[in-house]
Amino acid sequence: MTSDKTRNWRPRTTLVHGATLRSQFGEMSESIFLTQGYVYESAEAAEARFKGESPGFIYSRYANPTVDMFEKRMCALEGAEDARATASGMAAVANAILCSLKAGDHIVAARALFGSCRWVIDTLAPRYGIEATLVDGKDIANWEQAVRPNTRLFFLESPTNPTLEVIDIAAVAGLANSIGARLVVDNVFATPLLQRPLDLGAHVVVYSATKHIDGQGRCLGGIILSDKAWIDENLHDYFRHTGPCMSPFNAWTLLKGLETLPVRVDQQMRSAARIADFLAQSPQIERVVYPGRPDHPQADVIARQMSGGSTLVCFDVKGGKAGAFAFQNALDIVLISNNLGDAKSLITHPETTTHKNLSDEARAEGGIGSGTLRLSIGLEDTDDLLEDIGQALAAVGKAG
Ligand SMILES: *Cc1c(COP(=O)(O)O)cnc(C)c1O
């Protein structure tokens, strides 16, 4: 991705052609280099490669051509200098946080977090002497108050899981810069297409590629993107010596996912917007949160920092847990599952699944009630989805 021509490509072109590495056979589709190691032409060539004097691959724990294509294509899309792909989204989050900190450092994180991210920050990090303060991330004053002399890292997710709250990334990045800390943004819910954290001043972006980037429920993957100096200093040696790397097969699957990402996200968002409006006028629904609707509590921030709403809708069904369960069980097309960003529409009841390990207070703070459901819109026909949701709501109405 170094030629001037490729640098000017728009995202859709980059996602199809960016960073393609063709072998001497001129294959059309990206190759899967399912190899652990590489052969050197001579002992001298091996020596030069290990010394870093000649470019090339050494061992697939360090780097692999298929994984390299995925990393470079993501860099081109995100506007990042460098990246490391990981075996899962959680490997990306955990390593972005732990590799850049040491005992005695302090993290401030927005409290509305994916369950495993919260565990890394409030349970794992303290075991290594890294303290954390969780704040309501929507108000910048809360971040300011939580800062200590040893604060080195800010972490946030926006829109948040599952309630789709939005945090002002530029404001938090500005505060991070003013105290010499780094801001890491988990951008999974926005996808690389709807929000560009690095342009907003964030220093590091992480993804679970398992979600929209794969988009067809096939494999796990993750990626950490930042400037080259940060990656060199914090991740380079750690990745070589501890091996959280992505498999070449998964990198290939995810490269194929990137080709169709914009088409899928566009369609999912169009359906999500219609479904959010449909739910908002239903008497069986207490609350709808959708980042594309003017009644979203942070609609002003969304207008500033996002180029689209979301492929997910969060809503509360009347009747608490019984209402939410009856609604889920009455759905025919929408499947009950905790993945998101998939071609199939999926629904989750956070209180009893993804967020069951949180205390009642923590769930209440996060706006997760007994009737709260998270709906990830797939690629089915919007009218079929509306009919399915409509008949499930009617069933809840009768039961209530
Ligand atoms: C799914 C998810 C993760 C973890 O990703 P995995 O690929 O499942 O390990 C992290 N953050 C957010 C916001 C997620 O939705």
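Every number for a ligand or one of its atoms is a count from 1 in the order of the listing.
Annotation: side-chain hydrogen bond (donor to acceptor under 3.5 Å, both in side chains) contacts of Arg49 (sequence neighbours excluded): none.
The residues Asp105 and Lys102 are annotated as salt-bridged, a charged nitrogen and a carboxylate oxygen being separated by less than 4.0 angstrom. Between Arg363 and Asp360, at least one side-chain nitrogen of the basic residue sits less than 4.0 Å from a carboxylate oxygen of the acidic one, meeting the salt-bridge criterion.
A tilted orientation is assigned to the rings of Phe154 and Trp143, their planes being inclined by 30° to 60°.
Across all their heavy atoms, Glu157 and Leu113 have their closest contact at OE1-CA, 3.3 Å.
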Distance dump, ligand 1 polar atoms to protein, N/O, under 3.5 Å:
| residue | atom | partner | partner atom | Å |
| --- | --- | --- | --- | --- |
| ligand 1 | 5 (O) | Ser208 | OG | 3.0 |
| ligand 1 | 7 (O) | Gly89 | N | 2.8 |
| ligand 1 | 7 (O) | Ser208 | OG | 2.8 |
| ligand 1 | 7 (O) | Thr210 | OG1 | 2.6 |
| ligand 1 | 9 (O) | Gly89 | N | 3.1 |
| ligand 1 | 9 (O) | Met90 | N | 2.8 |
| ligand 1 | 11 (N) | Asp186 | OD2 | 2.6 |
| ligand 1 | 15 (O) | Lys211 | NZ | 2.7 |

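Relative to the six-membered ring of Tyr207, Lys211 misses at least one condition, a distance below 6.0 Å or an angle of at most 45° to the axis.
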